[in-house]
Amino acid sequence: MAAIVSLKNVVKRYVRGKQRVEVLHGVDLECEAGEFLALMGPSGSGKTTLLNLIGGLDRPDEGEVIVAGERIDRLSSGQLAKWRARHVGFVFQFYNLLPVLTAERNVEVPLLLTKLSRAQRRKNVAAALELVGLTDRAKHKPTELSGGQQQRVAIARAIVADPTIIVCDEPTGDLDRENAEDILGLLQMLNQRQGKTIVMVTHDPRAAEFASRRLYLDKGRLVHQETRSAA
Amino acid sequence: MKFLPLIWKGIWRKRGRAILILLQIVVAFTLFGLLQGLNGAVKQAIASTHADRLYVVGRSAMGEPLPLAYLEQIRGVPGVRDVNYRLQFGGQYQRPGQGVVIAATDVESFFRVFSEVSTSRESIDALRATPSGAIVGRVTAEEYGWKVGDRFTIQTPIPRTDGSREFTFDIVGIFENTDRPEQSIGAIANYAYINEARARNRNTVMLYTALIDDPAKSAEIGFAIDSLFENSTNETRTQTESQIAQSQIDRIGNLDYIAHAITGAAFFALLFATGALMMQSIRERTPELAVLKTVGFTDRLVMTLILAEVLLLALIGAAIGLWLGDFMLSMTRQMIGVTGMPASIVVAGFVCAVLLALASGAIPAWRGLRLQVAQALSGR
Ligand SMILES: Nc1ncnc2c1ncn2[C@@H]1O[C@H](COP(=O)(O)OP(=O)(O)O)[C@@H](O)[C@H]1O
Ligand SMILES: [Mg+2]
């Protein structure tokens, strides 16, 4: 299968005070269509930084980032925004829903950037909410939902525009065991039944078990990788 | 348009704050509408005065009697087309508070000089034929239920030779002020009827009104009239209608200056108050704006949404404020005779609202534009 994500010799530095700190030291990474990739590693190892580069939220200082067939490290910030709207769905640790909007309106937000009609948007929102099993909570505000439910809304928002790739940063980091397994099961289902390509950052080995492949990041370098044994 | 719900929800994210911002804007625009409306209406009133009319009154005091004999002399001044003389006084009809202003005058020249006071030819003829006749203003007639053929008696400040102060009039017609219909008040009567009955000041008038050929020469003609009576016992002062209106307004102070100073200060304060509250609102919503950008909203779209939010608030506030200002203006209308908020003030108000929104939204919008997604998401 073709690589959907391809990073070559990626270097990322941050300016901290007067110093420039290198956080990623020449990372090479490939992820193929239909994969469910887990990025693991200790806190501060650069997982979020790497994921932001894959999702087009940030640009590297050196190296190439090719995602969904595009050299996204060369795009301007405006082009990058449009690229993200077309190709990436995001899921975060703290759900990051808009508190003033109901669940269905939150899910609708990415579709506001498309040319879809109102009716078409409503239809896609309903389908996404159904897929995550939250049809009956469509009219609720985030504060009226549990953490697990909020994360389901966030996943619905991530998939509603049918992106090429879904990136998740510690999606279960704020959830208890049971809810975490629910969410991970949902992601696994999206990967296996809907064929969604997923890159998930986690430091939890049990969460990583749900992925089809695991990569380990340590101090800004990929150390070793391990493919899922037949389950 | 599909972003409108997003903008609207953004505004009402904190209800208390939104109401506070809205209230500030409403108050500032009420003030703006009221003061500028008043100013504009007064200016309009001055502009709509009749520039071809000169008023000749006593120099030492308005209302000081002038000899009737001045009539021919004023008529002889070059540039004067027509002259009317008048004695004007207030009377009381039946009980206190029921006032009637009587203009006792030469009827024919009155209707020539005051062309905006309109009545029928029959009424004018009837008034000339009836010494005790009166043509009553439509508003006054409606107020007291008077009709043509009715007779009314009023108490006046003018003593008669028999010692009483009562005058009785027979209504022979109704007049309408076509310039300002609400000013169709009082009654027009024959000068001779009052003059012959009164005990004092016979053959004097309160003012002359001269109609002139060319308003551009009003100063010259006025000077010529006043020169005629210089060093006499009754010196005169001649003014145009707009000069009189202006001098009355000058007595309230420099309205123009006050209006601009107060609204300017109010808008200046508003700029900072609204700007600060918007800033606070944007700072609070940093994670939410970051989410919008993450999902693919461009920097420019996020900036536009923020500006649209301020703009919407400002326009709603301005609309309510201007409406309130107009409402308050309409309450003072009877008192000072302004005719309502000129359309130009409403337009200027909305232009101010847009400018204000752009100015106070500029910094928040710029912050929204520059917001870095990755950093905002990590709380940096
Ligand atoms: N915007 C930033 N500015 C400066 N330093 C940063 C920034 N983002 C991350 N870092 C630093 O880079 C390193 C990697 O961070 P991160 O990618 O968030 O790690 P992880 O997600 O694995 O915990 C950390 O030392 C962190 O402090
Ligand atoms: Mg992280």
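When reading the values below, keep in mind they use all heavy atoms of this one structure, side chains included, and skip hydrogens, waters and symmetry mates. Every chain is numbered from 1 and lettered A, B, ... according to where its sequence line falls, protein lines coming before strand lines.
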Asker: Extract all donor-acceptor atom pairs below 3.5 Å that involve side chains of residues 276-283 of chain B and protein atoms in other chains or at least two apart in sequence.
Answerer:
| residue | atom | partner | partner atom | Å |
| --- | --- | --- | --- | --- |
| B:Q280 | OE1 | B:R17 | NH1 | 3.3 |
| B:S281 | OG | B:R285 | NE | 3.4 |
| B:S281 | OG | B:R285 | NH2 | 2.7 |

Asker: Less than 4.5 Å to any heavy atom of chain B: does that hold for the side chain of A:Y14, its backbone, both, or neither?
Answerer: neither
Asker: Any luck finding a side-chain donor-acceptor pair between A:S6 and A:E30 under 3.5 Å?
Answerer: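 The answer is yes; a qualifying pair exists.
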Asker: What residues, two or more places apart in sequence or in another chain, satisfy side chain to side chain donor-acceptor pair (under 3.5 Å) together with A:T102?
Answerer: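 A:T102: no side chain to side chain donor-acceptor pair (under 3.5 Å) contacts found.
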Asker: Could you check whether A:D162 pairs with A:K196 (Lys NZ or Arg NE/NH1/NH2 to Asp/Glu carboxylate O, under 4.0 Å)?
Answerer: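 Salt bridge flag = yes for A:K196 with A:D162.
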Asker: Are A:S117 and A:Q120 close enough that a side-chain donor and a side-chain acceptor fall under 3.5 Å?
Answerer: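 No, no side-chain donor-acceptor contact under 3.5 Å.
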Asker: Under a 4.5 Å heavy-atom cutoff, which of A:G89, A:P99, A:A158 has the most pairs with chain B?
Answerer: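 Looking at each option in turn, the highest pair count goes to A:P99.
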Asker: Measuring heavy-atom distances to chain B, does A:R157 have an atom under 4.5 Å in its side chain, in its backbone, in both, or in neither?
Answerer: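 Interface part for A:R157: side chain.
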Asker: Who among A:L113, A:N96, A:L98 has the most heavy-atom pairs with chain B under 4.5 Å?
Answerer: A:L113
Asker: Without placing hydrogens or testing angles, list every side-chain donor-acceptor pair under 3.5 Å for residues 355-370 of chain B, not counting sequence neighbours.
Answerer:
| residue | atom | partner | partner atom | Å |
| --- | --- | --- | --- | --- |
| B:S360 | OG | B:L356 | O | 2.9 |

Asker: With only heavy atoms counted, which part of A:R121 is less than 4.5 Å from chain B, the side chain, the backbone, both or neither?
Answerer: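 Side chain only.
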Asker: Just by distance, with hydrogens left out, do A:S77 and B:D299 show a side-chain donor and acceptor under 3.5 Å apart?
Answerer: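 Indeed, the side chains of A:S77 and B:D299 share at least one donor-acceptor pair under 3.5 Å.
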Asker: What residues of residues 47-62 of chain A make heavy-atom contacts with chain B at a cutoff under 4.5 angstrom?
Answerer: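 Under the 4.5 Å heavy-atom cut-off, A:N52, A:L57, A:D58 qualify.
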Asker: In terms of side-chain geometry, is the basic nitrogen of A:E104 or A:R137 positioned less than 4.0 Å from the acidic oxygen of its partner?
Answerer: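 Not counted as a salt bridge, because no side-chain N and carboxylate O are separated by less than 4.0 Å.
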